Number of protein chains: 2
Amino acid sequence: MPRGSGKVNLVDVARQAGVSLATASRVLNGSTRSVGADLRERVRQAAANLDYSPSAPAQAMARGGTDVVGLVVPDISDPYFSTIAASVVRHAEPHGLIITLASTERRFEREAEYVASLRSQQARGVVLVGSRTTNDEQLEALRAELDAYTAAGGRAAAIGQHILPADTVIVENRSGARALAEELVNLGYRRFAVLAGPADLLTARDRLAGFREGLRQHGIEVADRDVINGEFTRDGGYEAASELLERDRAPECVFAVNDVMAVGALSAFRDRGVRLPDELAVAGFDDIASLRDVWPSLTTVRIPLERLGEEALGFLLDEPAERSRTRRFSGEVVVRASTPPVS
Amino acid sequence: MPRGSGKVNLVDVARQAGVSLATASRVLNGSTRSVGADLRERVRQAAANLDYSPSAPAQAMARGGTDVVGLVVPDISDPYFSTIAASVVRHAEPHGLIITLASTERRFEREAEYVASLRSQQARGVVLVGSRTTNDEQLEALRAELDAYTAAGGRAAAIGQHILPADTVIVENRSGARALAEELVNLGYRRFAVLAGPADLLTARDRLAGFREGLRQHGIEVADRDVINGEFTRDGGYEAASELLERDRAPECVFAVNDVMAVGALSAFRDRGVRLPDELAVAGFDDIASLRDVWPSLTTVRIPLERLGEEALGFLLDEPAERSRTRRFSGEVVVRASTPPVS
DNA sequence: AGCGTGCTGGAAAGAGCTTTCCAGCGGGTA
DNA sequence: TACCCGCTGGAAAGCTCTTTCCAGCACGCT
């Protein structure tokens, strides 16, 4: 058992190996400069003996940077974000990147704080996940912080919206929702309602707009009063769905702009005694894996969540580009039991 | 716009404020020593002007430590772990702790690597989540690494098992499963099967053992051939359930040792045309929030996932204790639609 | 034999902050 | 008036690495 507990540093290693500090350092970080095989071995031995663990902060200082990448998500317990997080973490590891996690609990003003913290930590990059409020002072604060961060040499990537000074991975919400709408019309539905998420989230807005576009192709409109806003969460879906049922005329099909809301809506309908899926069809968006077992299984738009993190990291690792780059992913409509063909 | 982009350090701030480095430092970290109000203000101004961002690595060196806490989970995309992660992150923030995330993808040998990395980073503590394999060399490697880490001043906490040299938060799996078994018997069930998770995970074993204990109270046994092992995942549940259906004699009630497997099993049964819940009852364990909307809604054992992270962080922040401490949480049986009373 | 070339090892200069130690100054007490 | 104390500000050490620059050495060439 090595008893060098606690305070072993490179100096100790060098001394034990009988070489200079510089040589020890060169051996241990496999630098470009070559070191004789004998010394090399002596240093390796000494390091192992002493159970040497290099000080990451010291390395960060000397090297002028770290291998930390900050990941900021609105809510890590939401399966949509945790899937993306998993993807980021998985692809970070082979590059030796360390992921630092921040979950803002959907309080977007904290994003700027986290970016500031990342700058202070000399983090290599940041991945910002999630749609956010449209133009306002919060957004401005975040932009300013992001600019300061990149000016200081940090790299930034965003997943989910293209309003930030950063390389961006986006999902084609609009066309996905449009395709879904058309599919639903093909299945025979004519009267729709939409559980639309927060009015100020771009993602929610795009999906609603796309859905309406798709319907319009077939001469169908969704009246504003059949569009109900709610939180982008399971409970938000439940509440919006409950509200919908209070209305006089019921739709044939409800489109919830994400799966999490859709699943909440399912429960709301069931709790109110609606027979699913025959009496009322439901569709979602995202195709969240852990939600695939609900019944009736959700018709939805699959987006390649696992790829999102990978691409974002790719941006961070690439050479910085002149202007922000964009990578788009399109969705794919998946029809399941929640929207049976209208007989 | 401050043009001190990139390389502003304390020296710059001190110079602009016309004070010494020491004074600037004292002002900026609100140290114990007092500084005259005028100078204090001048330094604050200068820092703001220059958009000064202290170098975290430098601070870590000078202070001999960081406010980083490592969180290592088997799979961040699993709702069980992401819920715990959310809890850790939420409670970390008010203490100024930064969470570093590692998801091992259930490759437990990587836990030791992460702890080593945390030691190198001079992280304040580590929270290890998840049950793990019983005694073997992997476990030994992790223990050794953990000892080295704590010897170097790091703090360690574990969630989910008590076989590590660390303060531990555990869930009383055994008594929870026992209570569930009794409840199911009270509902009228007599013939059971268990989808048991990996044979080497303590959590899975405890739940199985507790379940059997509960049944035994009522003179009911579960034959070994009615216990099917599988991965602790949705797909693991699906497969184990499928395998079960191949058997000759069907049970009346299936206990899946966690909700994620239970939900997979639900789909497997449905895909095979089993009418749920009347033809076959299903129970789970954990009461995962994002799975509450499946149909039939799962009878399960609720465990206070949100509290787990909080307690673990509490351990890290507390004074180090002589010997490892343990905090236990018990589960609560929740009966829902998936186990209707036997008529 | 003399000199250049190519290696290898070491000394030392940072990197940016915290904190101890010291000096100076003003006010209170004898 | 002389002395001491307390308070505030500054100089400098130290935290642990990386990396540049330099010196020494052996070899090969002329």
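Just so you know, these numbers use all the heavy atoms, side chains as well, and skip hydrogens, waters and symmetry mates. Quantities reported herein were computed from a predicted structural model and do not represent experimental measurements. Throughout, protein chains are lettered first and strands after them, A, B, ... in sequence-line order, and every chain is numbered starting at 1.
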Query raised in the report: Considering only side-chain heavy atoms of B:Met61, which listed nucleotide, D:dC15, C:dG9, D:dC17, is closest?
Result: D:dC15

Query raised in the report: Can you tell which of D:dC15, D:dG10, C:dG9 lies closest to the side chain of B:Ala22?
Result: D:dG10

**Report entry** Sugar-phosphate or base contact per nucleotide [nucleotides 21-28 of chain D; S, B, -; heavy atom under 4.0 Å]
**Finding:** B-------

Report task. Would you give the length of the straight line joining atom CD of A:Glu93 to atom CD of B:Glu113, rounded to the nearest 0.5 angstrom? Result -> 7.0 Å

Query raised in the report: In chain order, what residues pass the side chain to side chain contact (heavy atoms under 4.5 Å, CB included) check against A:Ile170, with sequence neighbours excluded?
Result: A:His162, A:Thr168, A:Thr326, A:Arg328

Requested in this report: Remember a base hit wins even if backbone is also touched, and classify B:Pro54 as base, sugar-phosphate or nothing at under 4.0 Å, heavy atoms.
Outcome: sugar-phosphate

Query - C:dG10 phosphate, OP1 or OP2, under 4.0 Å from A:Ser20 side-chain N/O - result: yes

Query raised in the report: Closer than 4.0 Å, any side-chain N/O of A:Tyr52 to the OP1 or OP2 of D:dT16?
Result: no

Query raised in the report: Should the pair B:Arg327 and B:Phe329 be classed as cation-pi, given the thresholds of under 6.0 Å to the six-membered ring centre and 45° from the axis?
Result: yes

Query raised in the report: Does the side chain of A:Ser25 get closer than 4.0 angstrom to OP1 or OP2 of D:dC17 through an N or O atom?
Result: no

Report summary line: Atom CD of B:Glu41 and atom P of D:dG9 are separated, to the nearest Å, by 14 Å

Query raised in the report: Reckon A:Gln59 has a side-chain N or O less than 4.0 Å from the OP1 or OP2 of D:dT18?
Result: yes

Requested in this report: Using a heavy-atom cut-off of under 4.0 Å over every strand shown, decide if A:Gly36 touches base, sugar-phosphate, or nothing.
Outcome: sugar-phosphate

Query raised in the report: Quick one: is D:dT18 close enough that its OP1 or OP2 comes under 4.0 Å of any side-chain N or O from A:Asn29?
Result: yes

Query raised in the report: Quick one: is the NZ or CZ of A:Arg106 closer than 6.0 Å to the six-membered ring centre of A:Phe108, and within 45° of its axis?
Result: no

